[in-house]
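The first residue of the sequence shown is numbered 1, and numbering continues consecutively from there.
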Amino acid sequence: MSVETVLGIIYNVCFIGCFWPQIYKSIKTESVEDVSIWLCFMSIVGYCAALSYALLRFGFDFWLCINYILSGISVIAMILVYYKYKRTN
């Protein structure tokens with residue numbers, strides 16, 4: 001495996017998986033007090049912009065598209081968990 005491939009795998013795993021520890025913790029504790037919902041919304045906008053940029057700049061690149069799409073799904077999962085456990089004051 002080339003260095004480029006290894007870095008690409010690390011990059012994808014980190015981006016796709018970065019929200020899952022928070023999702024797990026939120027489900028386990030049934031609390032989302034420390035979650036920034038604005039970070040989630042900004043992440044979705046960022047992933048959509050990055051996907052659009054990649055498609056326009058490089059054409060269809062499978063791994064870039066998978067990265068941004070699965071990362072976006074991770075954020076959407078966090079938002080769903082957030083609204084499920086959000087405490088109304």
Restricting to non-hydrogen atoms, name the atom on [X] and the atom on [Y] that form the minimum distance, rounded to 0.1 Å.
X     : Y     : answer
Tyr82 : Val32 : O-CG2, 3.6 Å
Arg87 : Glu30 : NH2-O, 3.1 Å
Ser74 : Trp20 : OG-NE1, 2.7 Å

[Y] and [X], any side-chain heavy atoms less than 4.5 Å apart:
X     : Y     : answer
Ile79 : Ile44 : yes
Ser26 : Met78 : yes
Ser43 : Leu39 : yes

Working to the nearest 0.5 angstrom, can you tell me the gap between [X] [atom1] and [Y] [atom2]?
X     : Y     : atom1 : atom2 : answer
Leu80 : Ile73 : CG    : CD1   : 11.5 Å
Ile16 : Tyr11 : CD1   : OH    : 9.0 Å
Ile9  : Cys14 : CD1   : SG    : 11.5 Å

Would a distance-only check, ignoring hydrogens and angles, find a side-chain to backbone donor-acceptor pair under 3.5 Å from Asn12 to Gly8? yes
Cluster overlap [X] with [Y], hydrophobic side-chain contacts below 4.5 Å:
X     : Y     : answer
Phe60 : Leu70 : yes
Trp63 : Met1  : no
Tyr53 : Ile69 : yes
Ile10 : Val13 : yes
Leu56 : Phe58 : no

Over 60° means perpendicular and under 30° means parallel, so tell me whether Phe15 and Tyr47 are parallel, tilted or perpendicular. perpendicular
Which of parallel (below 30°), tilted (30 to 60°) and perpendicular (above 60°) describes Tyr83 and Phe41?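 Correct class here is tilted.
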